[in-house]
Each structure stands twice: as structure tokens, then as C-alpha cells.
Undergrad: 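Mind having a look at this structure? Questions to follow.
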Amino acid sequence: FELNAECQGRRGVLMLNGVAIQTPCLVPYTEEGHLPSLTPDIVDQLKLEMLQVSLQDMWPNLQMMEKYGNGIKKLNNLENHLYMFISRDPLTYYESNKNNVSINTKGGIRTVSSKDYMQLARSIQPDIITSISYDISWVSSNKRKRACVENTLKWLDECLELKQVDDIIFGTIVGGSGEMDRYYSATQTSQRNVDGFMFGGFGLDEEEEEKYRIVNKIIENIDASKPRAITDQGDPVCVMELVSHGIDIFNLTYPHTMSCLGIAIVFPLNNFDTQQPIKLDLHSKEYQLDQRPLVENCECYTCKTHTRAYIHHLINTHEILRRILLEIHNHHHYNQFFKVMQAKLLENTFESYKEDFISYYTEN
Amino acid sequence: VGSYPGIPTISLIMSALTFVVKQECGTSKARASDLTLPHGLVPTPIFMPVGTQGTIKGMTSQQIGDTGAPIILGNTYHLGHRPGPDIIDEMGGLHNFMNWKGNLLTDSGGFQMVSLLKFANITEEGVNFTSPHDGTSMLLTPEMSIQMQNKIGADIIMALDDVVSSTTTGPRVEEAMHRTLRWIDRCIEAHSKPDSQNLFGIVQGGLDPELRKQCLKGLIQRDLPGYAIGGLSGGESKNEFWKMVSICTDYLPKDKPRYLMGVGFPVDLIVCVALGVDMFDCVYPTRTARFGTALVANGQMNLKHKKYKYDFSPIEDECECIVCSSFTRAYLHSQAKSQYGGQLISIHNIAYQLRLMRTARNSILDGKFVEFVKEFMLLQFPNGDYPDWTVDALMSVGINLK
């Protein structure tokens, strides 16, 4: 992991198994390793670099993955992509069950140990393995926070024991809202032989202020030379703030969630004109005759091929294609957003870019 | 058997297509032809995927194009409600609206008469629908259907016919047949774009050969660019089904395309090609895909079945679709109950149907159609337990399965 700029926010290059990706980078939410509604021929056009694959999705497929033997990339025909194996799926919530994690799979509730987790990781063959953890609310009791921290550390050690020579393992840092818990989790995790850090337990019920305060707390207590990943919902302002604070890898649900809601993400990436909307709700009848693409000059398949009017029609008629077209555009747009942030960081203009964006966003 | 001698055919209508029979099967009534429409060449026999609401469920226009489909369907009844003909017109027609550069065919909206019958009341004027969406009333006349289809802008449009269910008997069937002929004249009159849109008439007459012949005679007199065989693929027995198809193909002019509406399953397609049909449409391949079933050479593959859980071969080795070249049955099994699995299997199933028709066409061109049919039927029924109707139908055109 090479840092090319460190001001407010960091600009880096992450080398994984011979592939270089630029950070800060977008790692979108997937279902069983594929982007929801998008087939590989479509995903390849999006030029995403790394995708999420989660415990909850893949657990029912363990036996099949082991017999298959070729890993998640070939399984999904997405061999040009890197994969980050995460325990906690950003759209669902795990609990602990004594010494294990309790997850809700499509086959029912299952209990997973760190050993099971690594066995699954082995069959998936991801590029990054984040250590197993679970979720606690930000208003949990101290006892629960402490237990989460201790369990997670114990499981990290167990994962590291099962580490093979080429594995890249990120330690997951937890502790909810507790400054001491987070401090402890961060310092202890930092002492282990981890390749990076996963900031766990975010995108839940935290207040905005405490999110950034806790992120800072963690950062103060970990090795700055290692990459930092976070799982969060990831609206644009939050993303920019987290970039400012120094996060490198963003596992986000935002483009997918917006697509599910029938929303197109259209905020300008430069020249913030308050006349330009942030999002379009394509349910609205105002788009019935709108022959423009979602975003003028957008290079994605949806904008090069279709109009707002057509997408509105698809939403009105509940057609599957509405999902496909919105997922394509929203992921493309958000990925472009990350690329612009990467450029601004390198030029050292990120802070003013962020300020301009936030004032545009709040006005809108 | 052939067209009606002594009855002058007067060209009452322009044609925006050319249809050239390249090769006939020497034995059966099958033929391989080139149908050229305003949006390009359609080699027949052809299967037309159905995109009811201006989209084929779960596929992008690019993906449909990549399967090689030269023509797809839109449904006037549905599009007439949402988004409505005026919006489509303002968008420059359905081609532009959905950005489909190939050919389009729209039906008249009449089939919904049969499928939504409890909401429909048919008079000489037209069909009165009560919308299941919101309870409002809509009158569909031949003029309105054609006007809507003119706005939608498909390369082939269908006349509004008085469709009766194939299980209906009695005077209603005859009434419907005669009305269909009266309505075809109203359709011809109302059609404002004969230079770019081809109006096909639809042969009705239920399961009564004499009524069918009367209808055929009347439609052929109108010298339309092409003809469809309607009122079948409902609840009738297959035995009656094939006989009606065959009567129609006996009388329909050879130099015009013949379209059998709502068919169908692969076996039905092949038998009806042998009976002389050129064009087919059916929701079956995409619908069955959404239930986890793939179409394969020897029938169907229910990918939800646990026997595929660890099967790492593709659906079909010989299939060149993007699904067969990238995914295993095991993977599809794990996805078979999800929307994504339905999308993937749909892509395969459409590719399968198109390849089936392409193979049939090539066999006709190579003079090997009879062998092709026998091989195909043996793959579908390896124990030689062919359904009686297929044996009878194929025998009637000189193909002896036994």
C-alpha cells in the first residue's frame, strides 16, 4: 500500500495479487458476489475494481464452493475484479451466539465460528479477508461493547492462526460508541500481524458526530501505513467526510439502495450548480416525456441508450429492467465520483472541493 | 389444395415488406424464407421473443440484440395503458422509446379479450374493457387499435379480430369469424402508414374447418402483406390444434409470411414449421426461466432440482449464449429461485429458441429438414413415446416418426 498524498484525506495505490487499484476506492455491495440485477457482460463495462462478498450470502454455498474449487471470481464470471470478503453484510445485522456469530442466511439462521469463516474464505479465494465480527448498537451497554471487542480480538487471533502465506487479512475494529472500547480494539488489533484494518460496526445507529469522532479515535491508534476499509451506507457527504478523515476503501450500499428506491444519482461531479439536482425520483410523472438521459454526457450504458421517460415507464410498470438500468447508472456515477475525489486528493484541492460540494448539497 | 382459383386478388393495400421463399422442404410444408422488414432482415422460420411492456423481462436491448433476435413483440393493450399511445408517439414510436433497432411486431390488443374475458363486452363497435388496474372502462375499436399501433410504429401490426376461446362452441364462433372480416376492412381503412407498417390479418373460425376456410377466403381476398393464425394455443386439444394450423397453411398464399400466434413450446414450433408456419411468438421461454427452468435439446432442465447442486457443466455444451459460456448448472441452481437466476436463464432460453429455429432453417436450406425433425423428436422423446398428435401432424406432411 503506497501513499501518494496525505493531506486531509489520503491518496494511495493498493497492490493486491499483482493488481493495482487507486484509493480511495469504491467497493460496492453485492449479492453472493455479483452486483444485484447485473450480469457480467454489463458489470465489465462499469470498470469497478473491487467487489464485496459476504459471509451471509456465501455460507449456504460452502459445499458447492469447495467442490467447485475455482473461487468466487470464476463462479460469477467476474475474473477482472478483486474481492473483499466481509463478515458483516451492510444491509443486514449479525448477533453473537455464545462463541460464534449468528447469521441469517437464505436457508435459515446459522451459527458460524472463526474456523468456519476461514474455511469459507478458503473456498471463496478473495483478495482481502476481513476478520469475523458482528454488530452492536451504538447505545449498547458497556458490557456488550466490551464483549464485542473481546470476541472480535479472539476471532482475529483465530483467523490469523489459520492464515496461509498469501492471505491478506484485515483486522476488524469494533466497540460501538465506546471511546475506550474502540481505543482498546484499535491498539490491540494494531499489534497483530494484519495487512490492514476494517472499521466495523458503522452504518448502524450512530449519530453523525460520533461516527467521525470514533473514526478519528481509531485512526489515532493504528498503523498509518496500512490501508483502512469501512462498511457503511455511504451517502455522498458521509463519503467525503470519511475520505477527509483518512479512509481508503469504502464498502457501500448507497448506489444499490438508491436503485432499489427508483432513484437516480445525478449530482454534478464538478462545477456545483445548485440548479442541478442531487437525485431524481423516477417515479415522478414529471419525467413522462423527458427525453434526456439521466445525466448529460454520462458515459454509462443507461445514459447512452435510454431516456428518463423510458426509465419512468419501467418503474411505473415494475419491470425488471428498471433495476438493471438504475444499478448501471448509479454505480457508474458513484465510481466516477470516487475517481474525481482521487484526482482532487492528488492535486491537493480535495478540501475546497469538499466544501463546495457540501454547500451545494445542503442548499439542495 | 391451394389458393382459390377464379377469385381475383385485388391489391387493396401497400406492403412494406418483401418475402422470398429460398427453399422448400421437398416433403413437408416447411420452407426457409427471407422476410425483409423496414428494420432489417428476418430469416424464417423465426421465433419472436415477447416484450409485453416495451421490454423483454430482465434483458437490456443490447442483450436482446446479442442473442441475434431480429424481431420482438410489444403488446398494444399494455402499452396503450402505460405509457399510452400519445407518449409513445411523442417519443417517436416504440423503437425510439425503448431504443430497439431491430423489428417490432405489435398485436392488436384483441387477445386480452379472451384472457380477460370477464372484463370484456364485445359488440359490433368494438370491445369494451373494464380495466383490472383501476376499474375504468375502455372501448377498443378496430380504428382505435390501428391508430394506437400506428403511433407505436411497429413494423408489423395486427388487425383487431373478434377472438373466441378455442373451447367455445356454437353460433358465437361463426359470429366472431364474420365480424373479424368486417373488422379487417375497418382496420385497412384506418391504417395510416401502410408504407412503413405491415398490417397482418388474423384467421379465426375456432375449431371448425368450414369457418376457417371462409375466414381464409375473406382475408386472402384483401391481399394483406401477411397473415396470422389466431384463436389457437388456448385450451383446445393438440389434436384439433394441429389440424386447424394445417388447414390455414394449406390455403394461405405461399408467397406471404404466416405467423402462428402464441406458440410455443419447442416441440410445437418444430411440428408447426413442418406444417408451413414461418413466425412464432410466446412468453414461455422467459416465463419458464423465471421459474428456474432452462430449455435444452432433450426438453426442460429444472435447475431448482438438487441434482444440479454440484453439477459444474454448463446448461448445454453446444449453446453459445453468454450464460452457457460463463456459468455452471451448480451456480444457476444456487440462483434459480432469485431474480438474477431468472435473468440468466431467460438469456439462455431466448438464445435456445432462436438457435432452434436457425437450425431448422438451415436444415431446410440443406435439404435435410426431415432428418432434422426426426433427430429433434428423438432427443425430446428418447423412448420413442411421441405424443400422438405429433405423429399424426408430421405424418400428414409426409414425415413418418415411426
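By convention in this document, chain letters (A, B, ...) are assigned in the order of the sequence lines, proteins followed by strands, and residues within each chain are numbered from 1.
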Undergrad: For a 4.5 angstrom cut-off between non-hydrogen side-chain atoms, does B:S338 reach A:K106?
TA: no
Undergrad: Are side-chain N/O atoms of B:Q63 and A:T39 paired as donor and acceptor at under 3.5 Å?
TA: yes
Undergrad: Is A:E319 close to chain B through its backbone or its side chain, or both, or neither, when contacts mean heavy atoms under 4.5 Å?
TA: side chain
Undergrad: Indicate whether any N or O donor in one side chain lies under 3.5 Å from an N or O acceptor in the other, for A:S37 and B:Q339.
TA: yes
Undergrad: Considering only heavy atoms and a distance below 4.5 Å, find which of B:T52, B:I322, B:N99 pairs most often with chain A.
TA: B:N99
Undergrad: Find the one option among A:L289, A:D41, A:N61, A:I324 whose heavy-atom pairs under 4.5 Å with chain B are most numerous.
TA: A:L289
Undergrad: Between B:I87 and A:Q288, does a side chain to side chain contact (heavy atoms under 4.5 Å, CB included) hold up when you go through it step by step?
TA: CA-CA 8 Å; B:I87 288 180; A:Q288 254 182 356; 3.6 Å; yes
Undergrad: Within this structure, what is the OG-NZ distance for the pair B:S326 and A:K74, rounded to the nearest 0.5 Å?
TA: 8.5 Å
Undergrad: So B:P83 and A:Y310, do their side chains get closer than 4.5 Å, heavy atoms only?
TA: no
Undergrad: Report yes or no: do B:Y331 and A:N76 form a side-chain donor-acceptor pair below 3.5 Å?
TA: yes
Undergrad: Is there a donor in the side chain of A:E32 and an acceptor in the side chain of B:Q335, or the other way round, less than 3.5 Å apart?
TA: yes
Undergrad: May I ask you to decide if the ring planes of A:Y68 and B:F312 are parallel, tilted or perpendicular, using 30° and 60° as cut-offs?
TA: tilted
Undergrad: One pair to check against side chain to side chain contact (heavy atoms under 4.5 Å, CB included): A:I320 and B:R290. What are the steps and the verdict?
TA: CA-CA 11 Å; A:I320 297 171; B:R290 297 196 296 282; 4.2 Å; yes
Undergrad: Measure the spacing between CE of A:M64 and OH of B:Y310 and express it to the nearest 0.5 Å.
TA: 9.0 Å
Undergrad: Considering only heavy atoms and a distance below 4.5 Å, find which of A:Q63, A:H312, A:E31 pairs most often with chain B.
TA: A:Q63
Undergrad: Between B:Q53, B:H78, B:K309, who has the most heavy-atom pairs with chain A when the cutoff is under 4.5 Å?
TA: B:Q53
